[in-house]
Asker: 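Structure provided below as structure tokens; questions to follow.
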Amino acid sequence: GTTATQIATLQAQIDAIRDDRNRQVDRLQASINGIVNDGLNNDQLADAYRADQIAAEDDAKARIRPLEDQIAALTLA
């Protein structure tokens with residue numbers, strides 16, 4: 001397809017990855033908030049969820065970077 005179409009497709013993939021990441025992070029944050037505010041001594045579970053949030057962020061970055069590189073290469077072509 002055309003360069004513009006290729007870029008749009010790559011951008012849509014990036015947006016989908018970001019949306020998925022945001023849903024994951026938000027869901028984990030809701031769990032963290034519930035744990036921290038429940039008055040129980042279970043904050044280590046919140047720490048595990050925080051680690052999951054970081055992993056979700058890192059995974060999204062790792063998946064987005066090559067797509068952005070492709071967009072950059074197409075833009076320069």
Side-chain angles (χ1 to χ4, degrees):
T2 67
T3 301
T5 304
Q6 289 173 304
I7 290 172
T9 300
L10 291 164
Q11 191 59 56
Q13 291 173 339
I14 290 170
D15 292 344
I17 292 167
R18 286 185 175 141
D19 289 346
D20 184 48
R21 175 206 58 204
N22 291 345
R23 274 192 300 278
Q24 249 184 310
V25 169
D26 290 348
R27 188 174 64 244
L28 288 161
Q29 190 61 49
S31 297
I32 290 167
N33 293 346
I35 292 165
V36 170
N37 295 322
D38 66 6
L40 301 174
N41 184 18
N42 58 354
D43 286 1
Q44 71 280 3
L45 187 55
D47 292 338
Y49 287 149
R50 286 186 191 100
D52 289 345
Q53 284 180 312
I54 292 167
E57 296 274 2
D58 290 346
D59 177 62
K61 282 181 203 158
R63 292 168 59 206
I64 288 169
R65 192 170 297 113
L67 299 173
E68 288 178 336
D69 290 346
Q70 289 179 54
I71 289 173
L74 288 167
T75 305
L76 297 173

Asker: Hey, is Arg63 close enough to Asp59 for a salt bridge, meaning N to O under 4.0 Å?
Answerer: yes

Asker: Which distance, rounded to the nearest 0.5 Å, do you find between the CD of Gln53 and the CD of Gln29?
Answerer: 5.0 Å

Asker: Nearest 0.5 Å, what's the CZ-CG distance between Arg50 and Leu28?
Answerer: 11.0 Å

Asker: I need the minimum non-hydrogen distance between Arg21 and Ala56, along with the two atoms involved.
Answerer: CG-O, 4.0 Å

Asker: Mind running side-chain contact (heavy atoms from CB on, under 4.5 Å) on Asn22 and Val25 for me, showing each step along the way?
Answerer: CA-CA 5 Å; Asn22 291 345; Val25 169; 5.7 Å; no

Asker: From Arg27 CZ over to Ile32 CD1, what is the distance, rounded to the nearest 0.5 angstrom?
Answerer: 11.5 Å

Asker: Please step through side-chain contact (heavy atoms from CB on, under 4.5 Å) for the pair Ile14 and Ile71, ending with a clear verdict.
Answerer: CA-CA 11 Å; Ile14 290 170; Ile71 289 173; 3.8 Å; yes

Asker: Measure the CG-CG distance between Asn42 and Leu40 for me, rounded to the nearest 0.5 Å.
Answerer: 5.0 Å

Asker: Run the side-chain hydrogen bond (donor to acceptor under 3.5 Å, both in side chains) check on Asn37 and Asn33 step by step: do they pass?
Answerer: CA-CA 6 Å; Asn37 295 322; Asn33 293 346; 5.4 Å; no

Asker: Among residues at least two apart in sequence or on other chains, which ones pass salt bridge (charged side-chain N to carboxylate O under 4.0 Å, His left out) with Asp43?
Answerer: none

Asker: Is the closest side-chain heavy-atom distance between Leu74 and Leu10 below 4.5 Å?
Answerer: yes

Asker: If Ile, Leu, Val, Met, Phe, Trp and Tyr residues are connected whenever their side-chain heavy atoms lie under 4.5 Å apart, and connections chain through other members, are Ile54 and Tyr49 in the same group?
Answerer: no

Asker: If you round to the nearest 0.5 Å, how far is CD of Gln11 from CD of Gln70?
Answerer: 12.0 Å

Asker: So how far is it from Asp69 CG to Ile64 CD1, rounded to the nearest 0.5 Å?
Answerer: 12.0 Å

